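All remarks here apply to the structure that follows.
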Amino acid sequence: MSDRWLAERKREHYYRLAKKLNYRSRASFKLAQIDEKFHIFREGDAVTDLGAAPGGWLQIAKERVGETGKVVGVDLQKIEPLEGVQTIRGDMLKPETAEKLKELLGGKADVVISDMSPNISGSYCMDHARSVELCTYALNFARQVLKPKGNLVMKIFEGDMMKGFLNDVRSSFQNVKLHSPKASRDSSSEIYIIAKGFIPPKEPVPEEEQ
Ligand SMILES: C[S@@+](CC[C@H](N)C(=O)[O-])C[C@H]1O[C@@H](n2cnc3c(N)ncnc32)[C@H](O)[C@@H]1O
């Protein structure tokens, strides 16, 4: 059995399962598996999902945070309405989208998740660089909205800028791990950064207290 055949079988398995369980994408299982292992969500949490279309992660997040939680999402693409979830359409690389999303959130977030992917060009280096760019925006957004000790989950395409980027993530979180959930395709270079325990930047000390 070739690796390609096995990867195709796995893809098909999660595709069928998503249909059966009424999830909007196979990606739902990746987030569910990440949460089972790393305990990202708690009931009542406020969650922001970046790159949320068609909505598979939104569904898992909503299930986990329950009635008392809040889930908001954004994507370049339109997201079909989903009960108990609010979404906007926009480009997260544009400051006005980030501002609109903050308004929708209406306070601080317990969890930021980002499954944003660039359009695949086929050039490994180019796709990696664009994925790091999207993750850099997700990290900066998380730094603005997360509560102390909040969590961030991001998809990234592996490559040589990864080490520097991970150091940047580590400077703001107590615990940072890399994880490839079972539902990810074996052949893919995608991996998830699980960053737990946000450390907010220290407030500058007023001059008179120095
Ligand atoms: C793999 S899909 C997300 C799947 C989603 N997590 C789910 O479970 O249904 C990646 C998404 O990232 C979105 N995306 C890419 N760049 C973006 C950007 N700059 N701003 C907002 N969304 C973006 C794409 O439009 C695409 O829908």
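As the structure is a prediction and not an experimental result, all values here were calculated from the model.
- The CE atom of M161 sits 11.5 Å away from the CG atom of D168 when rounded to the nearest 0.5 Å.
- Between M154 and L139, the shortest heavy-atom distance links the atoms SD-N, 4.4 Å.
- Between K70 and V65 the shortest side-chain heavy-atom distance does not fall below 4.5 Å.
- T87 is not listed as a side-chain neighbour of L82, based on a closest heavy-atom distance of 4.5 Å or more.
- Looking only at side-chain heavy atoms (C-beta outward), H128 and E158 stay at 4.5 Å or farther from each other.
- Put simply, CE on M126 and CD1 on I120 are 11.5 Å apart, with the number rounded to the nearest 0.5 Å.
- Taking the side chain as every heavy atom from C-beta outward, I194 and V176 never approach each other to under 4.5 Å.
- Across all non-hydrogen atoms, the minimal contact from E190 to S184 is OE2-OG, 2.8 Å.
- At least one side-chain heavy atom of F198 sits under 4.5 Å from a side-chain heavy atom of R143.
- Both Y137 and L105 belong to a single network of hydrophobic side chains, linked directly or stepwise wherever heavy atoms of I, L, V, M, F, W or Y lie under 4.5 Å apart.
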Passes side chain to side chain donor-acceptor pair (under 3.5 Å), S114 versus K155? Steps please. CA-CA 6 Å; S114 170; K155 175 168 72 191; over 6 Å; no
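- Looking at every heavy atom in both residues, L31 comes nearest to A61 through CD2-N, 4.5 Å.
- Applying the 4.5 Å side-chain rule to ILVMFWY residues, one finds that Y15 remains a lone member of its cluster.
- Rounded to the nearest 0.5 Å, atoms CG (D115) and OG (S28) are 10.0 Å apart.
- V111 and L104 fall into different hydrophobic clusters, where Ile, Leu, Val, Met, Phe, Trp and Tyr side chains are chained together by heavy-atom contacts under 4.5 Å.
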Would you list the atom pairs, donor with acceptor, under 3.5 Å between side chains in residues 88-96 and any protein atom, with sequence neighbours excluded?
| unit_1 | atom_1 | unit_2 | atom_2 | d |
| --- | --- | --- | --- | --- |
| R89 | NE | L76 | O | 2.9 |
| D91 | OD1 | L93 | N | 2.8 |

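- No donor-acceptor pair under 3.5 Å is formed between the side chain of S172 and the backbone N or O of V169.
- Nearest heavy-atom pair across I79 and V74 is CD1-C, 4.3 Å.
- Between the side chain of Q33 and the backbone N or O of A183, at least one donor-acceptor pair lies under 3.5 Å.
- Taking CZ of F141 as the start and OG1 of T97 as the end, the distance is 10.0 Å to the nearest 0.5 Å.
- Not a single donor-acceptor pair under 3.5 Å links the side chain of S131 to the backbone N or O of D127.
- Listed by chain and residue number, K102 satisfy the salt bridge (charged side-chain N to carboxylate O under 4.0 Å, His left out) test with E99 (two or more places apart in sequence, or in another chain).
- Atom CG of N151 is separated from atom CG of D45 by 8.0 Å, given to the nearest 0.5 angstrom.
- In the hydrophobic clustering of this structure, M116 groups with L146; members are Ile, Leu, Val, Met, Phe, Trp, Tyr whose side-chain heavy atoms approach within less than 4.5 Å, directly or through other members.
- The number of heavy-atom neighbours closer than 6.0 Å to CG of N167, taken from other residues, nucleotides and ligands shown, is above 12.
- For residues 47-66, the pairs satisfying salt bridge (Lys or Arg N to Asp or Glu O under 4.0 Å) are D35-R64, E36-R64, with sequence neighbours left out.
- With Q59 contributing its side chain and R24 its backbone, the two residues share a donor-acceptor pair below 3.5 Å.
- Hydrophobic clustering (side-chain heavy atoms under 4.5 Å, transitive across Ile, Leu, Val, Met, Phe, Trp, Tyr) keeps V112 apart from I60.
- Listed by chain and residue number, nothing satisfies the salt bridge (charged side-chain N to carboxylate O under 4.0 Å, His left out) test with R170 (two or more places apart in sequence, or in another chain).
- Shown here for D110 and G44, the closest heavy-atom pair between the two residues is OD2-O, 4.5 Å.
- By the rule that hydrophobic residues join a cluster once side-chain heavy atoms approach within less than 4.5 Å of another member, L134 and L152 end up as members of one cluster.
- Residue-environment remark: NZ (K100) stays at or below the threshold of 12 foreign heavy atoms within 6.0 Å.
- Here the side chain of D75 pairs a donor or acceptor atom with the backbone of A52 at under 3.5 angstrom.
- Once rounded to the nearest 0.5 Å, the distance linking OG of S117 with CD1 of I156 reads 11.5 Å.
- Legend: ring-ring contact (aromatic ring centres under 6.0 Å, His included) pairs involving residues 27-57, not counting sequence neighbours, sorted by first then second residue: Y14-F29, Y23-F29, F38-H179, W57-Y192.
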Show your working on side-chain contact (heavy atoms from CB on, under 4.5 Å) between I193 and L166 and close with a plain yes or no. CA-CA 8 Å; I193 299 174; L166 276 177; 3.9 Å; yes
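- Between I113 and V47, the closest side-chain pair of non-hydrogen atoms falls below 4.5 Å.
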